[in-house]
Amino acid sequence: MDKKIENLINNWRRRNILGFYCQNKDEAVDKILNIIPPSATIGISGSITLDQMAIVRQLEERGNKVFNQYKSGISREDSLQLRRLGAAADYYLTSANAVSEKGELVFFSGWGNRTAGISYVKNVIVVCGINKITPNLEEAIKRAREYATPLNCKRLANWNTPCLKDGICRKEICLLPEYKRMCCQILIIEAEVAPDRLKVILVGENLGF
Ligand code: SF4
């Protein structure tokens, strides 16, 4: 494990956050399947990282109840209800938009289910590829807003945001009525009161964006 990663995991330790390092996403999948009991209910957030790991399918196949708001064919109201249930599940599984070298975790959310789940679910697992590490908190917020959110807007395409076409954040016009802002809520986790409630699985490869 290189020094930067070792330092990051130590920094999380000081913040009551339990960090693990996995060399690749297959190791990370095994780690998640070991941490979460098969009887647990699970809430999830939309995440390319989780999609790349195919972790939701694997959890469902072994019997976990996943409140999956992305099931095809469900109504908008059912999708919102699954988000509410997910934010009160036994576990919440998500990825970070960015992580500072000092250990601060940055999350953006549109609907707020992600910020709710991460803030208060009894057990939270955050998966994070090494591509999301930034030198400091300011850069982490910048990365989440100016890099990750425009790519998410492109991915979801139905969010008419100023950044949709060219990937440039124009937050000064994003509240105009013709737009639908995506990055409505920002959550910065600096530390935890309950030791190990929040676990971060840092993966030694690029995952998500
Ligand atoms: S504030 Fe608006 S333009 Fe900027 S990243 Fe968020 S959604 Fe895009």
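Counting convention: from 1, in listed order, for ligands and their atoms alike.
- N10 and R15 are not linked by any side-chain donor-acceptor pair at a separation below 3.5 angstrom, with hydrogens and angles left out of the test.
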Counting only pairs under 3.5 Å, give me each side-chain donor-acceptor contact of residues 197-209, with atom names and distances, residues two or more places apart or in other chains.
{"unit_1": "R197", "atom_1": "NE", "unit_2": "E192", "atom_2": "OE1", "d": "2.6"}
{"unit_1": "R197", "atom_1": "NH1", "unit_2": "I118", "atom_2": "O", "d": "3.1"}
{"unit_1": "R197", "atom_1": "NH1", "unit_2": "V121", "atom_2": "O", "d": "2.6"}
{"unit_1": "R197", "atom_1": "NH2", "unit_2": "I118", "atom_2": "O", "d": "2.6"}
{"unit_1": "R197", "atom_1": "NH2", "unit_2": "S119", "atom_2": "O", "d": "3.4"}
{"unit_1": "R197", "atom_1": "NH2", "unit_2": "E192", "atom_2": "OE1", "d": "3.3"}
{"unit_1": "R197", "atom_1": "NH2", "unit_2": "E192", "atom_2": "OE2", "d": "3.1"}
{"unit_1": "K199", "atom_1": "NZ", "unit_2": "D196", "atom_2": "O", "d": "2.8"}
{"unit_1": "E205", "atom_1": "OE2", "unit_2": "K25", "atom_2": "N", "d": "3.1"}

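- In the vicinity of R145, heavy-atom distances shorter than 4.0 Å reach the ligand 1 atoms 5 (S).
- Shown here are the side-chain hydrogen bond (donor to acceptor under 3.5 Å, both in side chains) partners of D78, two or more places apart in sequence or in another chain: S75.
- At a cut-off of 2.8 Å, measuring from atom 2 (Fe) of ligand 1, the protein N, O or S atoms that fall short of it are C174 SG, waters left aside.
- A donor atom on one side chain and an acceptor atom on the other are not found under 3.5 Å apart for R13 and N11.
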Working for side chain to side chain donor-acceptor pair (under 3.5 Å), residues N68 and R57: CA-CA 10 Å; N68 184 355; R57 179 179 52 76; over 6 Å; no
Considering only distance and modelled atom types, tabulate donor-acceptor pairs under 3.5 Å from the side chains of residues 26-36, sequence neighbours left out.
{"unit_1": "E27", "atom_1": "OE1", "unit_2": "Q23", "atom_2": "N", "d": "3.0"}
{"unit_1": "N34", "atom_1": "ND2", "unit_2": "D30", "atom_2": "O", "d": "3.2"}

